[in-house]
Amino acid sequence: MTVRVRFPPAPSGELHVGNVRTAIFNWLFARRHGGTFILRIEDTDQARVVPGALESILEALRWLGLDWDEGPDIGGPHGPYVQSQRLQHYHRYAEQLVEAGYAYPCYCSPERLDEVRKEQQQRKLPPKYDRRCRELTEAQRREFVAQGIAPVVRFKTPADGETVLHDLIRGDVVFDNDTLDDFVLVRADGFPVYHLASVVDDHEMQVTHVMRGDDWLSSTPRHVLLYAALGWQPPAFAHLPMILGPDRAKLSKRHGDTSVLEFREHGFLPEALFNFLGLLGWSLDDHTEIIDRETFIRHFDLDRVLKSPATFNFDKLTWMNGVYIRSLPAEELAQRVQPFLERAIGREVDRDALRRIVPLVQERIKLLTEIADMADFFFVEGELDYSAETLLGKKWADDPAGAAQALGLVIARIDHLSLWEHEPLEAAIRPLAEELGVKAGDLFGLVRVAVTGKTAAPPLFQTMEVLGRQKTLERLRSAEGRLHSRAG
RNA sequence: GGCGCAUUCGUCUAGCGGCCCAGGACGCCGCCCUCUCAAGGCGGAGAUCGCGGGUUCGAAUCCCGCAUGCGCCA
């Protein structure tokens, strides 16, 4: 049997990291077993459909490198892959269920259902439909039809017995049928409810494994019952542990920036997010943390999926992102970082210049966005923005004249260097510290602020090399000048 | 309220009866390297394995209760 799995997002908002972990596990399972990964759009709840959401979901999946074999945009042998375009399928089976006595039309008004529910709550009973329309006579039914009441279709849940769910991750889970409701299959507006639509689609699309969040576990007995009533073989079920926010509640938009595309905006690499999410609820062994896509595919399986939920650990993701950034070829990192830098400084940057800068910052950034803070000074024209206090630091705070003199000497030493590279630069400047009777670090610190405007920056001499003779000297003279005017 | 699921360092996890008075990773702390910041190296603190009963020569690992958390149903 060849594996067929699906990922069914609702186009009601952006794809968030909790959902996408489910997509990753499904994708991995399909790729591991040479199976098919199906993308299906569950938009039967039309009121919740958000314009543009579908496109952004597809974009997020593509960004993470999750490709699908059948789906709304590419079609496939079991299309269409959008539920709102499949209504006739659901109606056909709903009718079949009614005719076979497994379902019935219900004409109860929302008001009546509300009253029933309230009364049950008062009597501390579980809220359940009281099944009043289950045994309507033909005459009563005709009467409702004559009144023009649009019915919902309800499933006739067995009053007793139990339904067993064989879950690949949690084992057998048993539900008493009397705790189940006569749930709605088709709403009054003719749209099917999730349970019907997903069962029908999973069957017609020949899905072999339903892997979804744990939050669906409680509704699965309904699905099992539906499969039986329709005379179908149910797929295998695997309920994945959920991802929690810092407050240990199911991760959602409420927890802030949880959308996949927002992670992209914040400078995370797709391969890092993929790695991190793939390790939430699954592990390769007792020590491997950095796992590339191919290794995931080679080893992923359900037997190492955990049962317990996992809290999303932002710090670890950030660390992992740094690992991936450091492992990138410089050329590639330059390419990835370019849009973030351009956005920060507000103009285009030259790729060749960036290529020379990247090696200096590569092991200093954990997020692509950090390129801005780390390298913007390379692109500043004219004066750098820093205070005299920053320039002088602790060492020179009481001796601006000394600092000015030191800068003057630095300038004199490097002004006419024949080779403007970091080694000769260092060879020219380092001995000066001893001559001045100051620690090398103190002299370098002064020069660093003069050249970069920052106290924390990439290595000084390489920075000077990349910055170039002209800009470096300009900045040193500017700093010297500021100190003179301050001292004077 | 009913039903269901889960419970190992702060967090992600290893562990499937003796190798564990519990291993790895993130984070935290210290030291080293060092021109700052990082990266890297070394070391440290951190879990009576939710609690209580069993079973067993022996339990984080098996069984039963309880507690707590979460989810679903409206």
Side-chain angles (χ1 to χ4, degrees), chain A residues 110 113-114 116-118 120-129 162-163 165 167 169-171 173-181 183-184 195 213-222 239-251 276-290 303-304 306-323 325-327 360-366 370 373-374 390 393 395 422 425-426 429-430 433 438-449 451-452 454-464:
Chain A
L113 295 176
D114 222 45
V116 171
R117 195 179 310 126
K118 274 185 192 142
Q120 287 164 334
Q121 275 173 343
Q122 271 175 8
R123 294 167 55 195
K124 302 266 185 199
L125 290 170
K128 265 169 65 175
Y129 176 56
E162 53 189 27
T163 298
L165 156 64
D167 189 277
I169 292 171
R170 340 197 79 98
V173 184
V174 183
F175 298 83
D176 283 335
N177 289 335
D178 66 9
T179 64
L180 269 24
D181 205 355
F183 57 99
V184 174
H195 307 297
D214 207 358
D215 37 351
W216 291 106
L217 190 66
S218 305
S219 30
T220 307
R222 296 187 181 85
H239 286 90
L240 307 171
M242 290 192 302
I243 297 181
L244 276 24
D247 59 354
R248 313 245 359 131
K250 180 176 159 184
L251 192 70
F276 176 76
L277 257 14
L279 247 22
L280 240 36
W282 182 85
S283 61
L284 175 60
D285 53 33
D286 62 349
H287 65 279
T288 311
E289 304 283 345
I290 303 301
D303 54 357
R304 287 187 69 84
L306 290 183
K307 296 182 172 78
S308 45
T311 307
F312 195 91
N313 185 335
F314 212 84
D315 280 343
K316 185 154 183 178
L317 202 213
T318 304
W319 162 77
M320 197 173 270
N321 205 56
V323 172
I325 282 179
R326 272 170 257 135
S327 75
L360 306 189
V361 304
Q362 184 154 20
E363 64 185 31
R364 293 179 168 73
I365 60 175
K366 289 199 175 85
E370 290 170 352
D373 255 5
M374 199 58 80
T390 304
K395 168 65 187 173
H422 68 273
L425 281 165
E426 179 164 5
I429 297 173
R430 188 178 284 277
V438 300
K439 282 191 277 185
D442 288 330
L443 180 61
F444 296 172
L446 181 67
V447 176
R448 173 175 297 107
V449 175
V451 170
T452 69
K454 300 170 195 292
T455 53
L460 220 208
F461 304 107
Q462 293 172 55
T463 299
M464 292 168 82

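Chain naming here is simple, since letters A, B, ... match the order of the sequence lines and numbering starts at 1 in each.
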Using modelled atom types and a 3.5 Å cut-off, is there a donor and acceptor pairing between side-chain atoms of [X] and backbone atoms of [Y]?
X: A/Arg326; Y: A/Glu363; answer: no
X: A/Asp215; Y: A/Met242; answer: no
X: A/Glu426; Y: A/His422; answer: no

I'd like to know if A/Arg364 reaches the base of B/C37 with its side chain such that a donor and an acceptor end up less than 3.5 angstrom apart. yes
Base of B/G40 paired with side chain of A/Glu363 (donor-acceptor, under 3.5 Å): no
Rounded to whole Å, how long is the line connecting atom [atom1] of [X] with atom [atom2] of [N]?
X: A/Asp178; N: B/C73; atom1: CG; atom2: C1'; result: 14 Å
X: A/Lys454; N: B/C37; atom1: NZ; atom2: C1'; result: 11 Å
X: A/Lys307; N: B/A6; atom1: NZ; atom2: P; result: 6 Å
X: A/Asp286; N: B/C16; atom1: CG; atom2: P; result: 10 Å
X: A/Leu280; N: B/C26; atom1: CG; atom2: C1'; result: 12 Å
X: A/Asn321; N: B/C12; atom1: CG; atom2: P; result: 20 Å
X: A/Leu317; N: B/A25; atom1: CG; atom2: C1'; result: 14 Å
X: A/Met320; N: B/C12; atom1: CE; atom2: P; result: 14 Å

A side-chain contact here means heavy atoms from C-beta on lying under 4.5 Å apart; do [X] and [Y] qualify?
X: A/Thr463; Y: A/Arg448; value: no
X: A/Phe312; Y: A/Leu277; value: yes
X: A/Lys316; Y: A/Glu289; value: yes

Would you say [X] reaches [N]'s phosphate, i.e. side-chain N/O to OP1/OP2 under 4.0 Å?
X: A/Ser283; N: B/U13; result: no
X: A/Ser219; N: B/C72; result: no
X: A/Lys118; N: B/A74; result: no

Among [options], which nucleotide sits nearest the side chain of [X]?
X: A/Arg304; options: B/C35, B/A38, B/G15; result: B/G15
X: A/Asp315; options: B/G27, B/G4, B/U36; result: B/G27
X: A/Val173; options: B/C5, B/A14, B/G10; result: B/C5
X: A/Glu289; options: B/U36, B/G24, B/A38; result: B/G24

Determine the interatomic distance between [atom1] on [N] and the same-named atom on [M]; round to the nearest Å.
N: B/U8; M: B/G4; atom1: C1'; answer: 23 Å
N: B/U13; M: B/G52; atom1: P; answer: 26 Å
N: B/C57; M: B/C51; atom1: P; answer: 25 Å
N: B/G69; M: B/G50; atom1: C1'; answer: 10 Å
N: B/C64; M: B/U7; atom1: P; answer: 15 Å
N: B/A25; M: B/A6; atom1: P; answer: 29 Å
N: B/A47; M: B/C9; atom1: P; answer: 10 Å
N: B/C19; M: B/A60; atom1: P; answer: 9 Å

Checking side-chain polar atoms at under 3.5 Å, does A/Thr179 have a donor or acceptor matched by the opposite partner on A/Asp176? no
On RNA chain B, compare the nucleotides closest to A/Ala456 and A/Phe276; which residue's is nearer the 5' end? A/Phe276
Could you check A/His287 against A/Phe461 and say which one's nearest nucleotide on RNA chain B is further toward the 5' end? A/His287
When rounded to the nearest 0.5 Å, the distance separating CE of A/Met374 from CZ of A/Arg364 is 7.0 Å
Output one line per pair: protein atom, nucleotide atom from nucleotides 69-71 of chain B, and distance, for all N/O pairs under 3.5 Å.
| from | atom 1 | to | atom 2 | distance (Å) |
| --- | --- | --- | --- | --- |
| B/G71 | N2 | A/Ser218 | OG | 3.2 |

Neighbour count above 12 (heavy atom, 6.0 Å) for A/Lys307 NZ: no
So A/Pro458, base contact, sugar-phosphate only, or nothing? Heavy-atom distance under 4.0 Å. base
For a quick check of understanding: with a heavy-atom distance under 4.0 Å over all strands, which category does A/Leu443 fall into, base, sugar-phosphate or nothing? nothing
